[in-house]
*Asks:* 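Got a structure for you, questions after.
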Amino acid sequence: MKKGLLFLGVLLMLVSCGEYQKVLKSEDIGLKYSTAEQLYNEAKEENNKSKYRKALRLLEQIVPQYRGKPQGEKVTFLFADSYYQLGDDYLAGYQFERFTQAYPNSDKIEEAAFKSAKSYYFLSPRYDLDQTETLKAITELQKYIDSYPDGENIEEANKLATDLRVKLEKKAYQIAWEYYNKGEAGLPGQNYKAAVVAFTNFLNEYPGSPFREEAFYYRFAAAYELAVNSYEFLIKERLTDAQIYYNNYIRYYKEGSPYYEQIQALNRDLESRLQNF
């Protein structure tokens with residue numbers, strides 16, 4: 001009995017595959033459209049990746065032929081969403097973006113805008129790599145947030161945008177810290193100077209960052225190291241600059257803060273050096 005059922009299942013699958021191949025090779029775009037729609041709906045109901053792939057192959061063939069026709073809107077959406085469901089984030093983002101441009105009055109416009117932005121979110125790389133895709137994703141998410149402040153996906157969109165902004169903050173902080181670290185490794189001079197500039201830019205650009213205290217501390221530490229490693233005629237001026245950064249730190253962070261004792265020790269040495277002038 002079990003063998004019979006298995007044979008019947010295989011037979012039905014072969015017949016089904018044969019029918020699909022006929023549709024794939026057919027020149028009847030109406031047949032391809034109806035078959036693609038049926039496969040897409042079945043794939044959605046069953047969460048079946050194989051059927052999404054089959055639907056996509058048919059849609060690829062007919063999307064250009066339906067542009068400007070009444071069915072074009074639906075075909076274009078199914079095409080983009082099939083890429084989305086298959087996890088092809090680059091093509092999903094691109095195709096949904098094209099859909100929003102071509103059909104701005106569609107009842108699917110909000111869903112398409114969010115899925116486009118979310119696809120670009122998934123393309124965002126690790127924080128230590130180039131962040132071009134991250135910037136693109138933030139732009140698309142912000143477009144969605146601005147256009148649909150009460151949208152169905154607004155909470156998730158805000159969370160995704162925040163995640164990406166923290167990634168950019170981490171990248172900017174890492175760049176500044178690496179300048180400081182190169183100075184610590186025995187390459188002072190320009191690296192400490194670059195660290196001061198980079199930490200200052202970071203603090204101006206990300207005033208609410210979770211890395212804010214570290215940035216204040218390492219900016220002072222870099223300025224201090226730059227001063228004590230300078231030529232004699234530059235030391236006093238640079239020690240004075242470092243003292244300004246010390247005051248910036250203690251304006252916001254008091255005793256008990258993680259870097260408080262370290263910064264106090266460096267400042268005592270700084271004041272002692274200034275007295276010598």
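For clarity, every value in this text was computed on a predicted model and none was experimentally measured. Counting from 1, the numbers follow the sequence of the chain as shown.
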*Asks:* Could you state the interatomic distance from CG (Leu129) to NZ (Lys171), rounded to the nearest 0.5 Å?
*Replies:*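 Result: 6.5 Å between the selected atoms.
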
*Asks:* So Glu42 and Asn48, side-chain contact (heavy atoms from CB on, under 4.5 Å) or not? Walk me through it.
*Replies:* CA-CA 8 Å; Glu42 289 175 2; Asn48 188 317; over 6 Å; no

*Asks:* Following the transitive rule for hydrophobic clusters with a side-chain heavy-atom cut-off under 4.5 Å over Ile, Leu, Val, Met, Phe, Trp and Tyr, establish whether Leu135 and Phe122 coincide in one cluster.
*Replies:*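 Yes, Leu135 and Phe122 fall within the same hydrophobic cluster.
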
*Asks:* When you compare the side chain of Thr35 with that of Glu19, does any pair of heavy atoms fall below 4.5 Å?
*Replies:* no

*Asks:* State whether the side chain of Gln243 and the backbone N or O of Leu239 hold a donor-acceptor pair below 3.5 Å, judged by distance alone.
*Replies:* no

*Asks:* OG1 of Thr134 to CG of Leu164: how many Å apart, nearest 0.5 Å?
*Replies:* 6.0 Å

*Asks:* Given Tyr217, which partner from the list Phe199, Tyr259, Tyr246, Tyr224 fulfils the ring pair (Phe, Tyr, Trp, His ring centres under 6.0 Å) test?
*Replies:*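 Output: one option passes, namely Tyr259.
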
*Asks:* Is there a donor in the side chain of Asp28 and an acceptor in the side chain of Ser26, or the other way round, less than 3.5 Å apart?
*Replies:* no

*Asks:* Report yes if the side chains of Lys193 and Gln190 come closer than 4.5 Å at any heavy-atom pair, otherwise no.
*Replies:* yes

*Asks:* Might you confirm whether atom NZ of Lys22 has over 12 heavy atoms from other residues, nucleotides or ligands at distances under 6.0 Å?
*Replies:* no

*Asks:* Please report the C-alpha distance between Lys236 and Arg273 in whole Å, then the side-chain angles of each, then the deciding distance to 0.1 Å, and finally whether the side-chain contact (heavy atoms from CB on, under 4.5 Å) criterion is met.
*Replies:* CA-CA 8 Å; Lys236 183 179 180 182; Arg273 289 172 184 267; over 6 Å; no

*Asks:* Test Phe216 against every option in Tyr252, Phe211, Phe202 by the ring pair (Phe, Tyr, Trp, His ring centres under 6.0 Å) rule and name the one that passes.
*Replies:*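 By the ring pair (Phe, Tyr, Trp, His ring centres under 6.0 Å) criterion, Phe216 pairs with just one of Tyr252, Phe211, Phe202: Tyr252.
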
*Asks:* Can you tell me how far the CD atom of Gln131 sits from the CG atom of Leu168, to the nearest 0.5 Å?
*Replies:*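 CG of Leu168 is found 5.5 Å from CD of Gln131.
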
*Asks:* Salt-bridge test for Glu27 and Lys32: reply yes if a basic N is under 4.0 Å from a carboxylate O, no otherwise.
*Replies:* no

*Asks:* For atom CD of Gln264, decide whether the heavy atoms of other residues, nucleotides or ligands shown that lie under 6.0 angstrom number more than 12.
*Replies:* yes

*Asks:* Do Thr76 and Arg98 have a side chain donor and acceptor closer than 3.5 Å?
*Replies:* no

*Asks:* Can you tell me how the ring of Tyr94 sits relative to the ring of Tyr90, calling it parallel under 30°, perpendicular over 60° and tilted otherwise?
*Replies:*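 It falls in the parallel class, under 30°.
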
*Asks:* Do Leu91 and Tyr103 share a hydrophobic cluster, counting only Ile, Leu, Val, Met, Phe, Trp and Tyr and linking them when any side-chain heavy atoms are less than 4.5 Å apart?
*Replies:* yes

*Asks:* Would you say Pro207 and Asn204 make side-chain contact, with heavy atoms under 4.5 Å?
*Replies:*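 Not in contact.
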
*Asks:* Tell me which one of Tyr84, Tyr66, Tyr83, Phe99 satisfies ring pair (Phe, Tyr, Trp, His ring centres under 6.0 Å) with Phe77.
*Replies:*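 Only one of Tyr84, Tyr66, Tyr83, Phe99 forms a ring pair (Phe, Tyr, Trp, His ring centres under 6.0 Å) with Phe77, namely Phe99.
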
*Asks:* Counting distance only, does the side-chain N/O of Thr162 pair as donor-acceptor with the main-chain N or O of Asn158 below 3.5 Å?
*Replies:* yes

*Asks:* Hey, could you give me the OG1/CG distance between Thr240 and Leu270, rounded to the nearest 0.5 Å?
*Replies:*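 Result: 8.0 Å between the selected atoms.
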
*Asks:* Atom CD in Glu133, atom OG in Ser124: separation rounded to 0.5 Å?
*Replies:* 8.0 Å

*Asks:* Identify the heavy atoms of Ala223 and Val196 that sit nearest to each other, and give their distance.
*Replies:*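 Closest approach of Ala223 to Val196, heavy atoms only: N-CG2, 3.6 Å.
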
*Asks:* Is there a path from Leu160 to Phe96 through hydrophobic residues (I, L, V, M, F, W, Y) whose side chains come within less than 4.5 Å of each other?
*Replies:* no

*Asks:* For Gln142 and Asp146, does a side-chain donor sit closer than 3.5 Å to a side-chain acceptor?
*Replies:*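 The criterion, which ignores hydrogens and geometry beyond distance, is satisfied for Asp146 and Gln142.
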
*Asks:* For Asn181 and Trp177, indicate whether the former's side chain and the latter's backbone hold a donor-acceptor pair under 3.5 Å.
*Replies:*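 It does not hold such a pair.
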
*Asks:* If you compare all heavy atoms of Lys54 against all heavy atoms of Tyr20, which two are closest, and at what distance to 0.1 Å?
*Replies:* O-OH, 2.8 Å

*Asks:* Atom NZ of residue position Lys136 - does it have more than 12 heavy atoms of other residues, nucleotides or ligands inside 6.0 Å?
*Replies:* yes

*Asks:* Keeping the roles fixed (side chain from Ser257, backbone from Lys254), state whether a donor-acceptor pair exists under 3.5 Å.
*Replies:* yes

*Asks:* Using the side-chain contact (heavy atoms from CB on, under 4.5 Å) rule, take Tyr173 and Glu169 through it: C-alpha gap first, then chi angles, then the decisive distance, then the call.
*Replies:* CA-CA 6 Å; Tyr173 177 82; Glu169 289 178 20; over 6 Å; no

*Asks:* Can you check whether Tyr144 reaches Glu110 side chain to side chain, under 4.5 Å on heavy atoms?
*Replies:*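 Touching, per the 4.5 Å side-chain cut-off.
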
*Asks:* Between Tyr127 and Lys167, is there a cation-pi geometry (under 6.0 Å to ring centre, at most 45° from the normal)?
*Replies:* no

*Asks:* Please answer whether the main-chain N or O of Ile263 pairs with a side-chain N or O of Asn267 as donor and acceptor at a distance below 3.5 Å.
*Replies:*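 Pair absent, no side-chain N/O of Asn267 close to backbone of Ile263.
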
*Asks:* Would Glu60 and Arg57 count as a salt bridge (charged side-chain N to carboxylate O under 4.0 Å, His left out) here? Give the steps.
*Replies:* CA-CA 5 Å; Glu60 284 172 339; Arg57 288 187 68 190; 5.9 Å; no

*Asks:* Could you tell me which non-hydrogen atom of Tyr179 sits nearest to which non-hydrogen atom of Ala198, and how far apart they are?
*Replies:*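 Where Tyr179 meets Ala198 most closely, the heavy atoms are CD1-CB, 4.2 Å.
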
*Asks:* Would you say the ring centers of Phe220 and Tyr249 fall short of 6.0 Å from each other?
*Replies:*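 No; Tyr249 has its ring centre 6.0 Å or more from that of Phe220.
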
*Asks:* What's the verdict on side-chain contact (heavy atoms from CB on, under 4.5 Å) for Lys115 and Gln85, showing C-alpha distance, side-chain angles and the deciding distance?
*Replies:* CA-CA 10 Å; Lys115 285 183 173 179; Gln85 300 299 334; 3.8 Å; yes

*Asks:* Determine yes or no for a side-chain-to-main-chain donor-acceptor pair under 3.5 angstrom, with Ser116 supplying the side chain and Ala112 the backbone.
*Replies:* no

*Asks:* Measuring only between side-chain heavy atoms, which start at C-beta, is Tyr206 closer than 4.5 Å to Arg165?
*Replies:*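 No - every pair of side-chain heavy atoms lies 4.5 Å or more apart.
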
*Asks:* Looking only at non-hydrogen atoms, find the nearest pair between Leu56 and Ser82 and report the distance.
*Replies:* CD1-CB, 3.9 Å

*Asks:* Whether the Tyr121 and Glu140 side chains hold a donor-acceptor pair (N or O, under 3.5 Å, no angle test) is what I'd like checked.
*Replies:* no

*Asks:* Answer with yes or no whether the side chains of Gln275 and Glu271 bring together a donor and an acceptor at under 3.5 Å.
*Replies:*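 Looking only at side-chain atoms, Gln275 and Glu271 do not form any donor-acceptor pair under 3.5 Å.
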
*Asks:* Report the distance from atom CG of Asn105 to atom CD of Glu73, rounding to the nearest 0.5 Å.
*Replies:* 9.0 Å

*Asks:* Locate the shortest heavy-atom distance separating Gly183 from Asn191; write the atom from each residue and the value.
*Replies:*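 For Gly183 versus Asn191, the nearest heavy atoms are N-CB, 4.1 Å.
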
*Asks:* Report yes or no: do Ile29 and Leu59 belong to one cluster of Ile/Leu/Val/Met/Phe/Trp/Tyr joined by side chain heavy-atom distances under 4.5 Å?
*Replies:* yes

*Asks:* Do the ring centers of Tyr52 and Tyr40 come within less than 6.0 Å of each other?
*Replies:*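 Yes, ring centres under 6.0 Å apart.
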
*Asks:* Are Val166 and Tyr120 linked, directly or through other ILVMFWY residues, by side chains that come within less than 4.5 angstrom of each other?
*Replies:*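 As far as the 4.5 Å side-chain criterion goes, Tyr120 and Val166 are not connected within one cluster.
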
*Asks:* Of the non-hydrogen atoms in Ala36 and Ala55, which two are nearest, and what is the gap between them?
*Replies:* O-CB, 3.6 Å

*Asks:* Taking the six-membered ring for Trp, are Tyr253 and Tyr260 closer than 6.0 Å centroid to centroid?
*Replies:* no

*Asks:* Give a yes or no answer on whether the side chain of Gln95 reaches the backbone of Gly93 with a donor-acceptor pair at less than 3.5 Å.
*Replies:* no

